[in-house]
Structures are given as C-alpha cells and as structure tokens.
**Student:** 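One structure, pasted below without further comment.
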Amino acid sequence: MNQQLKDQLYSRFSEDWGDSSSQFDICVKIFDYLLSRPIDQLRHLTTGSLKVAIGENRSDIDLIKVIQYLCGDRTGVLSLHFEFVDEENYYPLDNDDIKYAQNTGKLSHPRTGEYVENFEEKVLMYFTPTPLIIDIQD
Amino acid sequence: MSLESFSLSDLKKLQGHIPELGNFPSRLTVASYEEFVDILYKDLDCIVARMEENPELLKKDKEDRLTIDVKNQLCAMGYDAGHDTKIGGHVDLVVKKAAENWKWIGEAKIHKSYDYLFEGFQQLTTRYSTGGYNNSQGGMLIYIRNSNAQNVIETWKSHLKEKEGVENLQISECPVNPLSFYSTHCHQRTHLAFKARHIPFSLHFDPQDHKSSNK
C-alpha cells in the first residue's frame with residue numbers, strides 16, 4: 001500500500017470539504033472501499049452499489065456530488081462510463097457516442113442502428129477505479 | 001429515481017435542484033482545449049449565479065476571499081483548481097487538466113477603477129498566461145459592488161479598446177450572458193490569438209425597503 005499517496009488523497013478530501021462534512025465522510029468511505037477490494041471486483045460500480053458500500057444512510061444528492069468530485073481531475077479516483085440498456089441487454093457506449101447524442105439529441109441503438117427515442121432514460125452511468133487506485137494498492 | 005440504474009435522465013432531473021451536476025458527464029468527456037474551456041464557462045456561470053444570489057453575505061469579502069470561494073466551488077465539482085499558484089507570479093485562479101497539459105487562468109479584480117481592471121488584464125495576458133495552444137484562453141473575474149453592472153462592463157469594454165499595446169484587439173459578445181463579453185488579441189509572447197472571457201459578478205447590495213419605510 002502506498003501510504004503517502006493515500007494520505008495525500010485524504011488531505012485533499014479534507015481541504016476540499018472540511019473534516020466534519022458529510023461529503024468528507026462519503027469520500028473517505030468510498031476511497032477506503034475501493035482500496036479494500038480486488039480491482040476485478042470493482043469493474044462495474046453503480047451509484048447504488050457505492051451507496052451500499054458506504055453502508056450508511058446518506059442523502060442521494062450528497063452521494064452523487066461526491067461521485068462527481070471523485071471522477072474529476074481534482075482527485076482522479078473514479079472513471080465514469082456509459083452503457084445503453086434495452087430490456088435485459090446492456091451495451092457499452094464510448095464518450096464520442098454520448099457527446100454526439102448530447103449535441104444532436106440523437107443516439108443510435110448500438111445493435112440496430114436505429115435512433116432511440118428518449119435516449120437519456122436508457123443511458124446509464126457506471127464507474128470503475130482509475131489506475132491511481134491500483135497504484136495505491138500496490 | 002433508482003440509484004442502481006442511474007440514467008442521464010435521472011441526472012437531468014437532479015440538475016433542477018443542483019445546477020452544478022448538470023455538466024457532470026460533459027465535463028468528463030471533453031476532447032479538446034476548447035471543449036474544456038466551454039464547459040468550464042458553463043460551470044463558472046453556475047458559480048456566478050449562486051454568488052450573486054446572496055451579495056449581502058459577500059459585502060466585506062476581499063478579492064482573495066471571493067476568488068477562494070470560486071476555486072472551492074470548482075474543486076467540489078472535481079476541477080483541479082488552485083488559488084495563488086506560482087505561474088509567472090501568484091495567479092488568482094488556475095484550472096488545469098494535467099493529463100492533457102491544458103490550463104486556464106483567471107485574474108480577479110474588485111472593480112475600483114478601469115485602470116485597475118486593465119492592470120489585471122495585463123497581468124493575465126503578459127505575466128501569467130503562456131499564450132501557447134494549451135493556454136490560449138483565460139478570464140477576467142470582475143467583482144462589481146457598484147450599481148449598474150452593465151454600465152461598468154460597457155465602460156470597461158471602451159476603456160480596453162482605447163488602450164495601446166493590446167495588439168489586434170477584437171471584442172465579441174457573449175451569447176449566454178449579456179453582461180459578459182470576449183476579447184481576443186495577439187498574445188505578446190507567442191503572437192497566437194489569446195481569448196479572454198470577461199465575467200462580471202454583480203454583487204451590489206443596497207435594498208431600498210427599509211430606507212423608504214424610515215421616511
């Protein structure tokens with residue numbers, strides 16, 4: 001475990017949120033959770049699974065704010081990914097698909113190629129740990 | 001809203017209550033310096049709007065305190081933002097995307113005089129910014145405590161146009177905020193175009209209700 005790097009991240013959470021804030025607690029709990037699990041068990045984290053992982057009754061809004069923070073350049077702890085869900089089938093989407101869809105309002109179905117109505121309801125977000133977590137674990 | 005299957009649509013619904021979540025996915029999918037700056041400006045607009053909601057709480061805050069507030073809000077969104085970072089001097093606000101070596105620098109001034117604003121513009125464009133392709137945009141954060149922010153901005157625009165030494169200056173309107181505008185000029189160091197957004201924070205606070213009831 002790279003303790004120095006780990007402590008740097010804790011300090012940054014503290015600097016950005018303050019030690020006594022709910023957001024600081026959530027940051028630490030998610031970070032500790034990521035460090036405590038083998039990487040191959042963290043390949044598809046959802047906001048729901050992260051809420052379960054922190055194990056406490058926190059507001060959904062605070063959780064999503066913290067996830068946004070942990071995905072950013074400030075900490076670079078989580079990577080954001082997108083997937084398209086159609087009934088029981090999940091299709092990964094890349095960033096360019098999402099950008100195109102957000103700019104044009106159109107998303108092509110990954111299998112049929114047909115435009116999808118109300119695509120924003122069918123595009124889900126999930127997360128994976130960044131290489132930074134692997135570096136700290138090593 | 002299900003957290004297990006959290007969709008872009010769910011995020012959009014939350015945006016109504018928490019504006020800073022609105023650009024969350026876009027912020028992370030930027031593929032060019034221009035896109036990085038465009039999203040940053042959307043986020044800065046959210047921060048400006050929030051600070052303008054309660055100017056009475058900011059009445060006594062000095063330049064640094066106001067800028068630290070902006071920096072803290074950017075950090076909470078996930079930006080790698082810093083205040084007083086050493087880059088050719090101590091810059092008021094820097095936002096970086098280290099992986100791409102992109103940098104945006106902001107110079108902050110409480111409006112006292114137009115020469116004071118120009119001093120800030122010169123700091124931004126001749127001291128702090130490199131003017132390279134990856135630092136070709138910046139911003140003037142103008143905290144306005146006077147009434148009539150529009151007049152301050154229009155006068156500042158005219159003042160800037162009259163100044164010598166700002167080579168090939170062009171002014172363009174901001175399509176989002178009529179109080180904001182862009183300047184583009186030839187950067188002294190590189191001779192590449194340097195684009196600055198001039199971002200007013202309208203912080204005047206002088207309610208008239210008690211005054212009229214006291215008459």
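Here is the naming used below: chain letters follow the sequence lines, and residue numbers restart at 1 for every chain. Given the structure is predicted, the values throughout are model-derived calculations rather than measurements.
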**Student:** Which bit of A98(B) comes within less than 4.5 Å of chain A, counting heavy atoms only: side chain, backbone, both or neither?
**Tutor:**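 Contact with chain A: none, neither part.
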**Student:** Judged by atom type as modelled, is there a donor-acceptor pair below 3.5 Å linking the side chain of K51(A) to the main-chain atoms of L3(B)?
**Tutor:**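 Pair absent, no side-chain N/O of K51(A) close to backbone of L3(B).
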**Student:** Taking C-beta and beyond as the side chain, do L21(B) and Q68(A) meet within less than 4.5 Å on heavy atoms?
**Tutor:**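 Yes - at least one pair of side-chain heavy atoms lies under 4.5 Å apart.
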**Student:** How long is the span from the CD atom in E121(A) to the OG atom in S9(B), to the nearest 0.5 Å?
**Tutor:**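 Nearest 0.5 Å value for the CD-OG distance: 4.5 Å.
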**Student:** Quick check on Q150(B): does its CD atom have over 12 non-hydrogen neighbours (other residues, nucleotides or ligands) under 6.0 Å away?
**Tutor:**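 Open.
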**Student:** Does CD in E63(B) sit with more than 12 non-hydrogen atoms of other residues, nucleotides or ligands closer than 6.0 Å?
**Tutor:**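 Yes.
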**Student:** Among L74(B), I18(B), V30(B), N72(B), which has the most heavy-atom pairs under 4.5 Å with chain A?
**Tutor:**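 Option with the top pair count is I18(B).
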**Student:** Relative to chain A, which segment of L14(B) carries a heavy atom at a distance below 4.5 Å: side chain, backbone, both, or neither?
**Tutor:**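 It is the side chain, since no backbone atom gets that close.
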**Student:** Is it the backbone or the side chain of Y79(B) that comes under 4.5 Å from a heavy atom of chain A, or both, or neither?
**Tutor:**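 Answer is backbone: N, CA, C or O of Y79(B) sit under 4.5 Å from chain A.
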**Student:** By a 4.5 Å heavy-atom criterion (distance strictly below it), what part of K71(B) contacts chain A: side chain, backbone, both, or neither?
**Tutor:**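 For K71(B), side-chain heavy atoms alone lie under 4.5 Å from chain A.
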**Student:** Please indicate whether E56(B) has more than 12 foreign heavy atoms, meaning atoms of other residues, nucleotides or ligands, lying under 6.0 Å from its CD.
**Tutor:**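 Check passes, neighbour count above 12.
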**Student:** For K163(B), is the NZ atom crowded, meaning more than 12 foreign heavy atoms sit under 6.0 Å from it?
**Tutor:**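 Correct, the count exceeds 12.
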**Student:** Taking the side chain as every heavy atom from C-beta outward, state whether S7(B) and L124(A) have any atom pair closer than 4.5 Å.
**Tutor:**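 S7(B) reaches L124(A) side chain to side chain.
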**Student:** Can you tell me which of K122(A), Q23(A), K65(A) forms the most heavy-atom pairs within a distance under 4.5 Å of chain B?
**Tutor:**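 If we count pairs closer than 4.5 Å to chain B, K65(A) comes out on top.
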**Student:** Of the backbone (N, CA, C, O) and the side chain (C-beta and beyond), which part of Y126(A) lies under 4.5 Å from a heavy atom of chain B, both, or neither?
**Tutor:**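 Neither; nothing under 4.5 Å.
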**Student:** State whether the number of non-hydrogen atoms from other residues, nucleotides or ligands found under 6.0 Å of N57(A) atom CG is greater than 12.
**Tutor:**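 It does not: N57(A) CG has 12 such atoms or fewer within range.
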**Student:** Based on non-hydrogen pairs under 4.5 Å, which of D73(A), N95(A), L80(A) is most in contact with chain B?
**Tutor:**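 Looking at each of D73(A), N95(A), L80(A) in turn, D73(A) comes out on top.
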**Student:** Kindly compute the distance separating CG (L28(B)) from CD1 (I98(A)), expressed to the nearest 0.5 Å.
**Tutor:**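 If we round to the nearest 0.5 Å, L28(B):CG and I98(A):CD1 are 12.0 Å apart.
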**Student:** Side chain, backbone, both or neither: which part of E20(B) has an atom under 4.5 Å from a heavy atom of chain A?
**Tutor:**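 Contact with chain A: backbone and side chain both.
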**Student:** Looking at A81(B), is its backbone amide N or carbonyl O close enough to the side chain of R74(A) to form a donor-acceptor pair, meaning the two atoms are under 3.5 Å apart?
**Tutor:**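 Yes; judged by distance alone, with no hydrogens or angles, the pair exists.
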**Student:** Which answer fits E83(A), side chain, backbone, both or neither, if we ask what part of it has an atom under 4.5 Å from a heavy atom of chain B?
**Tutor:**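 Looking at E83(A), nothing touches chain B.
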**Student:** Side chain, backbone, both or neither: which part of L50(A) has an atom under 4.5 Å from a heavy atom of chain B?
**Tutor:**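 It is neither, since no heavy atom gets under 4.5 Å.
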**Student:** Does Q41(A) CD have over 12 foreign heavy atoms under 6.0 Å away?
**Tutor:**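 Enclosed: over 12 neighbouring heavy atoms sit under 6.0 Å from CD of Q41(A).
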**Student:** Between Q102(A) and chain B, which part of the residue has a heavy atom less than 4.5 Å away: side chain, backbone, both or neither?
**Tutor:**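 Side chain only.
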**Student:** Would you find more than 12 non-hydrogen atoms of other residues, nucleotides or ligands less than 6.0 Å from K157(B) atom NZ?
**Tutor:**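 For K157(B), atom NZ is crowded (more than 12 foreign heavy atoms under 6.0 Å).
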**Student:** Is it the case that atom OH in Y90(A) sees more than 12 heavy atoms from other parts of the structure closer than 6.0 Å?
**Tutor:**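 For Y90(A), atom OH is not crowded (no more than 12 foreign heavy atoms under 6.0 Å).
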**Student:** To the nearest 0.5 Å, what is the distance between CZ on F6(B) and CD1 on I67(A)?
**Tutor:**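 Separation between the atoms: 8.0 Å.
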